[in-house]
Amino acid sequence: QVQLVESGGGLVQAGGSLRLSCAASGSIFNINFMGWYRQAPGLQRELVAGITNGGSTNYAESMKGRFTISRDTAKNTVYLQMNSLRPEDTAVYLCNARLGVVTYWGQGTQVTVSS
């Protein structure tokens, strides 16, 4: 049983920045992967950024150079720094953690970028 709690979403003007946080608690041993996904109305859920237990990161192409994923292992927390935000970044952002064959999701945090 793993619980994921996101924070940091909100309303921001185009070109602005936000930092999302995801704190993991519970049976958090052997987490293989943590990352951020997003889902906008009418669109499929997509990977934004991920980080493995070895520290390797990956990003969707449209996020490269704008978004940065990082982690604080001691705090069991991952972050998503989002810069140069665009209206098309508007979505619910969800934290994800994978332990073996089991995947956990947070409830999501809304990010809205105005023109």
Side-chain angles (χ1 to χ4, degrees):
Q1 184 80 17
V2 172
Q3 296 82 44
L4 304 172
V5 179
E6 303 103 328
S7 61
L11 175 65
V12 66
Q13 191 175 10
S17 299
L18 288 172
R19 190 176 80 155
L20 307 183
S21 299
C22 175
S25 62
S27 301
I28 59 175
F29 300 108
N30 303 121
I31 290 179
N32 308 116
F33 170 92
M34 293 189 71
W36 291 93
Y37 289 72
R38 71 184 185 187
Q39 187 162 25
L43 299 178
Q44 291 184 303
R45 184 174 296 180
E46 64 175 340
L47 174 70
V48 176
I51 186 166
T52 70
N53 58 355
S56 298
T57 60
N58 63 294
Y59 300 89
E61 187 66 30
S62 64
M63 290 78 171
K64 290 181 179 178
R66 300 191 299 123
F67 293 6
T68 302
I69 189 170
S70 61
R71 67 181 181 184
D72 186 330
T73 303
K75 296 181 179 179
N76 299 312
T77 300
V78 295
Y79 305 93
L80 184 68
Q81 179 67 46
M82 304 186 293
N83 299 323
S84 301
L85 284 163
R86 307 163 180 168
E88 54 263 40
D89 294 321
T90 296
V92 174
Y93 285 71
L94 303 106
C95 184
N96 166 270
R98 185 175 69 238
L99 291 77
V101 299
V102 180
T103 300
Y104 297 89
W105 294 93
Q107 294 185 16
T109 184
Q110 177 70 44
V111 172
T112 302
V113 184
S114 62
S115 300

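Predicted model, so just to flag it, every value in this text is computed and none were measured.
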Kindly compute the distance separating [atom1] ([X]) from [atom2] ([Y]), expressed to the nearest 0.5 Å.
X: Glu6; Y: Gln110; atom1: CD; atom2: CD; value: 12.0 Å
X: Arg66; Y: Leu85; atom1: CZ; atom2: CG; value: 6.5 Å
X: Met63; Y: Trp36; atom1: CE; atom2: CH2; value: 13.0 Å
X: Ser62; Y: Asp89; atom1: OG; atom2: CG; value: 7.0 Å
X: Arg86; Y: Ser114; atom1: CZ; atom2: OG; value: 15.5 Å
X: Met82; Y: Arg19; atom1: CE; atom2: CZ; value: 11.5 Å

Below 4.5 Å, heavy atoms only, C-beta onward: do [X] and [Y] meet side chain to side chain?
X: Glu88; Y: Val113; value: no
X: Arg38; Y: Glu46; value: yes
X: Tyr79; Y: Thr68; value: no

Can a donor-acceptor pair be found, under 3.5 Å and without considering hydrogens, that links the side chain of [X] to the backbone of [Y]?
X: Tyr59; Y: Ile69; value: yes
X: Asn32; Y: Gly100; value: yes
X: Arg98; Y: Phe33; value: no
X: Thr109; Y: Tyr93; value: no

Within 45° of the ring axis of Tyr37 and under 6.0 Å from its six-membered ring centre, is that where the NZ or CZ of Arg45 lies?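 Verdict for Tyr37: no cation-pi partner in Arg45.
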Taking all non-hydrogen atoms of both residues into account, name the closest pair between [X] and [Y] and its distance.
X: Pro87; Y: Ala14; result: CD-CB, 4.2 Å
X: Leu80; Y: Ala49; result: CD1-CB, 4.1 Å
X: Gln81; Y: Ser17; result: NE2-CB, 4.0 Å

Can you get from [X] to [Y] by hopping between Ile, Leu, Val, Met, Phe, Trp and Tyr side chains that sit under 4.5 Å apart?
X: Val92; Y: Val12; value: no
X: Val48; Y: Val111; value: yes
X: Leu94; Y: Val2; value: no
X: Val102; Y: Ile31; value: yes
X: Leu20; Y: Phe67; value: yes

When you look at Met34 and Leu4, which way does the side chain to side chain contact (heavy atoms under 4.5 Å, CB included) test go after all the steps? CA-CA 10 Å; Met34 293 189 71; Leu4 304 172; 4.1 Å; yes
Would Leu47 and Asn58 count as a side chain to side chain contact (heavy atoms under 4.5 Å, CB included) here? Give the steps. CA-CA 9 Å; Leu47 174 70; Asn58 63 294; 3.0 Å; yes
